[in-house]
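Chain naming here is simple, since letters A, B, ... match the order of the sequence lines and numbering starts at 1 in each.
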Number of protein chains: 2
Amino acid sequence: MIEVFKKYIREKSKVSEEDLDKIIAVCQVKRVRKRQYLLQEGDVWKYNAFVTKGCVRTYTLDDKGNEHIINFAVENWWTGDRESLASGESSIFNIDALEDSEIVLISKSNFEMLCVQIPAFNDMVNGILQKSFIVAQNRIHTFISLSAEEKYLKFLEKFPHLVMRVPQGMIASYLGITPETLSRIRNQTAKK
Amino acid sequence: MIEVFKKYIREKSKVSEEDLDKIIAVCQVKRVRKRQYLLQEGDVWKYNAFVTKGCVRTYTLDDKGNEHIINFAVENWWTGDRESLASGESSIFNIDALEDSEIVLISKSNFEMLCVQIPAFNDMVNGILQKSFIVAQNRIHTFISLSAEEKYLKFLEKFPHLVMRVPQGMIASYLGITPETLSRIRNQTAKK
DNA sequence: AAATGGCATTGATAAATATCAATGCCATTT
DNA sequence: AAATGGCATTGATATTTATCAATGCCATTT
């Protein structure tokens with residue numbers, strides 16, 4: 001499955017085959033079963049992580065025990081907690097697998113080494129970061145300007161594949177609404 | 001006022017004094033009056049912009065003419081539209097000044113040149129990007145997990161200086177609530 | 001085949017938030 | 001000093017969304 005990661009790097013960067021080997025050499029492949037944790041609240045996140053197979057989610061738990069899903073990651077997406085990784089402080093997030101999954105892990109120090117030694121890798125990483133920021137900003141925009149229904153319709157547009165793959169209640173959580181509300185929205189929009 | 005920018009770079013990076021001169025050489029200082037636009041919806045954003053004085057906001061207008069404020073930027077903050085800058089496509093955002101302000105502009109090509117020629121500058125820029133992403137992610141978290149009141153209280157904690165400086169209705173917009181709701185929240189929490 | 005667990009759905013109701021309209025306050029302009 | 005414009009506040013009401021509870025449907029386990 002590491003081939004998925006190789007393919008991704010080839011497409012997204014100008015890293016040479018030689019350097020690609022260098023990257024792969026420091027990769028660790030982690031297999032996780034459905035419901036298994038990759039990160040638990042309170043632990044420090046120490047990797048850069050890339051999903052080659054399956055699906056994971058990042059979420060928090062509030063006082064009342066409600067889950068709040070910050071994001072999903074399927075094949076070819078990165079996951080992890082950048083804040084904990086950067087600061088070395090314990091994470092407020094949980095990450096677990098929604099399906100049996102396979103994750104490529106690169107430790108913080110190895111990752112930094114790759115960034116220094118392989119400029120093309122560094123560029124790729126920063127390009128991804130930039131894109132992630134833009135995605136985050138657009139999501140913020142949906143929160144300040146759209147109703148529950150509009151957020152759902154936009155989600156449908158952007159992530160049609162996720163709608164089939166992830167339980168509906170989790171999509172509701174991602175959108176910041178309750179499962180009941182999402183169910184009703186779907187019911188209503190279906191009628192139209 | 002360019003001194004503000006110099007000081008910022010000295011603090012945030014390891015750029016040499018010599019390279020700092022190189023940076024300043026390609027800076028353009030723009031003065032804007034209160035209410036004046038820096039960017040209007042439909043235009044392409046072509047700069048990296050740093051606020052040395054004053055305060056600007058980035059917002060969109062919806063069909064009903066409502067403003068939705070994506071963010072504020074005061075002294076020592078960056079502003080602009082990364083998405084438009086990166087893609088070259090026209091922006092959906094407006095940026096205007098809430099006070100008479102002074103903005104340091106660096107064109108896209110000059111900025112890229114600086115990133116290539118001055119590694120320490122590149123590192124600083126990517127560090128800022130990383131921080132921006134984390135801030136954005138945390139803001140997303142507030143939207144999916146907090147009530148209007150909780151969002152406001154968190155805003156107070158994080159940006160006490162902005163509360164004094166920005167009209168209350170704009171803070172409401174930033175939080176994704178109406179001015180009336182924010183007014184009532186303040187009234188109630190004051191009583192406690 | 002029966003039992004179980006996890007979801008989604010649906011209904012009734014409550015709570016949060018938005019909308020609309022009116023008023024008043026203050027700073028700035030004339 | 002009077003007039004103006006921009007906000008914030010307040011009240012009444014509507015709308016949206018959440019909460020609580022019950023039911024049903026599948027897929028998986030026993």
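In this structure, D:dT28 forms a base pair with C:dA3, meeting either the Watson-Crick or the G-U wobble geometry with both donor-acceptor distances under 3.5 Å. The nucleotide C:dA22 finds its pairing partner in D:dT9, both defining distances of the Watson-Crick or G-U wobble pair being shorter than 3.5 Å.
Put simply, OH on B:Y152 is 19 Å from P on C:dA16, counting in whole angstrom units. Atoms CZ (A:F143) and C1' (D:dT17) sit 15 Å apart, rounded to a whole Å. Taking atom CZ on B:R186 and atom C1' on D:dT10, their separation rounds to 15 Å, with Å as the unit. One can place NE2 of A:H68 at 13 Å from C1' of D:dA18, the figure rounded to the nearest angstrom. Atom CD1 of B:I185 and atom C1' of C:dA15 are 14 Å apart (whole Å). In this structure, the NZ atom of A:K64 is 13 Å from the P atom of C:dA15, given to the nearest Å. The separation between A:R184 atom CZ and C:dA12 atom C1' is 9 Å, rounded to whole Å. Regarding A:D100, its CG atom lies at a distance of 15 Å from the C1' atom of D:dT28, rounded to whole Å.
Taking side-chain N and O atoms only, A:Q168 has a distance below 4.0 Å to OP1 or OP2 of C:dT9. Contact check, B:S183 against D:dA8: no side-chain N or O comes under 4.0 Å of OP1 or OP2.
We find that A:D96 and A:R35 are not joined by a salt bridge, their nearest charged nitrogen and carboxylate oxygen being 4.0 Å or further apart.
Note that A:R139 lies in the cation-pi zone of A:Y174, set by a 6.0 Å cut-off to the ring centre and a 45° limit from the axis.
For A:Q168 and A:R186, the side-chain atoms include at least one donor-acceptor pair closer than 3.5 Å.
Residue A:L182 is out of contact with every strand shown, counting any heavy-atom pair closer than 4.0 Å.
Counting only heavy atoms from C-beta on, A:P167 has its side chain closest to C:dC7 among D:dA8, C:dC7, D:dA18. Relative to the side chain of B:E180, the nucleotides C:dA21, D:dT19, D:dA12 differ in distance, and C:dA21 lies closest. Comparing D:dA18, C:dT17, C:dT19 against the side chain of A:T178 picks out D:dA18 as the nearest.
Heavy atoms only, all atoms of each residue included: B:A120 and B:S13 are closest at O-CB, 4.0 Å.
Note: B:F5 and B:F50 have tilted aromatic rings, judged against thresholds of 30 and 60 degrees for the angle between ring planes.
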